[in-house]
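Residue numbers start at 1 and run along the sequence shown. Keep in mind it's a predicted model, so treat the numbers as computed, not measured.
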Amino acid sequence: MAREALVTVLAREKNNGRRVVFANGCFDGLHVGHARYLEAARREGDVLVVAVNSDASTRELKGPGRPVLDEVARATLVAAMRVVDYVVVFPEPNVEALLEELRPQVHAKGTDYTAETVPEAATAERLGIRVAIVGDPKGHSTRALLESVRKAPHG
């Protein structure tokens, strides 16, 4: 969904008394850790918005050879998950601008963060957005998944 349209839709959701939760990530090589993160994020409210890093920002964050899937494919896979209500792709290195624009009540981050290491913590605090650390312990990664595929015997 386009950012501008999402702003309007979320204002309507909030006016109807629904709690909006915001989550974000690259979601390159969707795995069980991603599913558990998004399921846990959804439990924090009524509406789950997921921001997916653009191809350029994923490459910047993850390095050469990434993303494996393009941003449209990654956004489509995330949108297909039953716990996700809205998906937006973003080009920035972090989601501070999206928090400003969308004004969710909750900003959900995975367990690879702590309250002290969330990059957007100051912005969230200034806007009155609660930060929730959700999901299972960081035991899954796309990098490890890709490495196991590379090492698997082919035949």
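Between R74 and D55 the shortest side-chain heavy-atom distance falls below 4.5 Å. A 4.5 Å side-chain heavy-atom check between M81 and L30 finds at least one atom pair inside the cut-off. In this structure, L127 and R103 have side chains that are in contact, with non-hydrogen atoms separated by less than 4.5 Å. R82 has its side chain within reach of E39: a pair of non-hydrogen atoms, C-beta onward, lies under 4.5 Å apart. In this structure, the side chains of F22 and I129 stay at 4.5 Å or more apart for every pair of heavy atoms. Within the 4.5 Å cutoff, the side chain of L61 has heavy atoms near those of the C26 side chain.
The two residues A108 and V134 come nearest to each other via the heavy atoms CB-CG2, 3.9 Å. Here the closest non-hydrogen pair linking V89 and A75 is CG2-CB, 4.0 Å. Taking both residues in full, the closest heavy atoms of N53 and E92 are given as ND2-O, 4.2 Å, listed atom of the first, atom of the second, then distance. Across T111 and G135, no two heavy atoms sit closer than the pair CG2-O, 3.3 Å. Across all non-hydrogen atoms, the minimal contact from A51 to L98 is CB-CD1, 3.7 Å. Scanning both residues, G29 and L69, for their nearest heavy atoms gives N-CD1, 4.2 Å.
Grouping the Ile, Leu, Val, Met, Phe, Trp and Tyr side chains by contacts below 4.5 angstrom, directly or via other members, places I133 apart from V106. Linking ILVMFWY side-chain heavy atoms closer than 4.5 Å, directly or via other members, places V52 and M1 in two distinct hydrophobic clusters. If you chain together hydrophobic residues whose side chains sit under 4.5 Å apart, V95 and V84 never meet in one group. If you chain together hydrophobic residues whose side chains sit under 4.5 Å apart, F90 and Y86 fall into the same group.
Side chain of R18 to main chain of E13: no donor-acceptor pair is present (N/O by atom type, distance under 3.5 Å, no hydrogens or angles). D70 contributes a side-chain N or O that, together with a main-chain N or O of V72, makes up a donor-acceptor pair within less than 3.5 Å.
Rounding to the nearest 0.5 Å gives a distance of 4.0 Å between NZ of K109 and CG of N24. Separating the CG atom in D136 from the OH atom in Y37 is a distance of 12.5 Å, to the nearest 0.5 Å. From L6, atom CG reaches atom CG of L102 across 5.0 Å, with rounding to the nearest 0.5 Å. If you take OG1 on T76 and CD on E71, they are separated by 10.5 Å, rounding to the nearest 0.5 Å. From E120, atom CD reaches atom CG of L99 across 6.0 Å, with rounding to the nearest 0.5 Å. Going from atom OH of Y113 over to atom NE2 of H107 covers 8.0 Å, rounded to the nearest 0.5 Å.
Counted within 6.0 Å of CD on E100, heavy atoms from surrounding residues, nucleotides or ligands total more than 12; the atom is thus considered enclosed. Other residues, nucleotides and ligands place more than 12 heavy atoms under 6.0 Å from the CZ atom of R126.
Between H34 and F27, the ring-plane angle classifies as tilted under the 30° and 60° cut-offs.
When each of V47, D85, V9 is checked for a side-chain contact (heavy atoms from CB on, under 4.5 Å) with V20, only V47 meets the rule.
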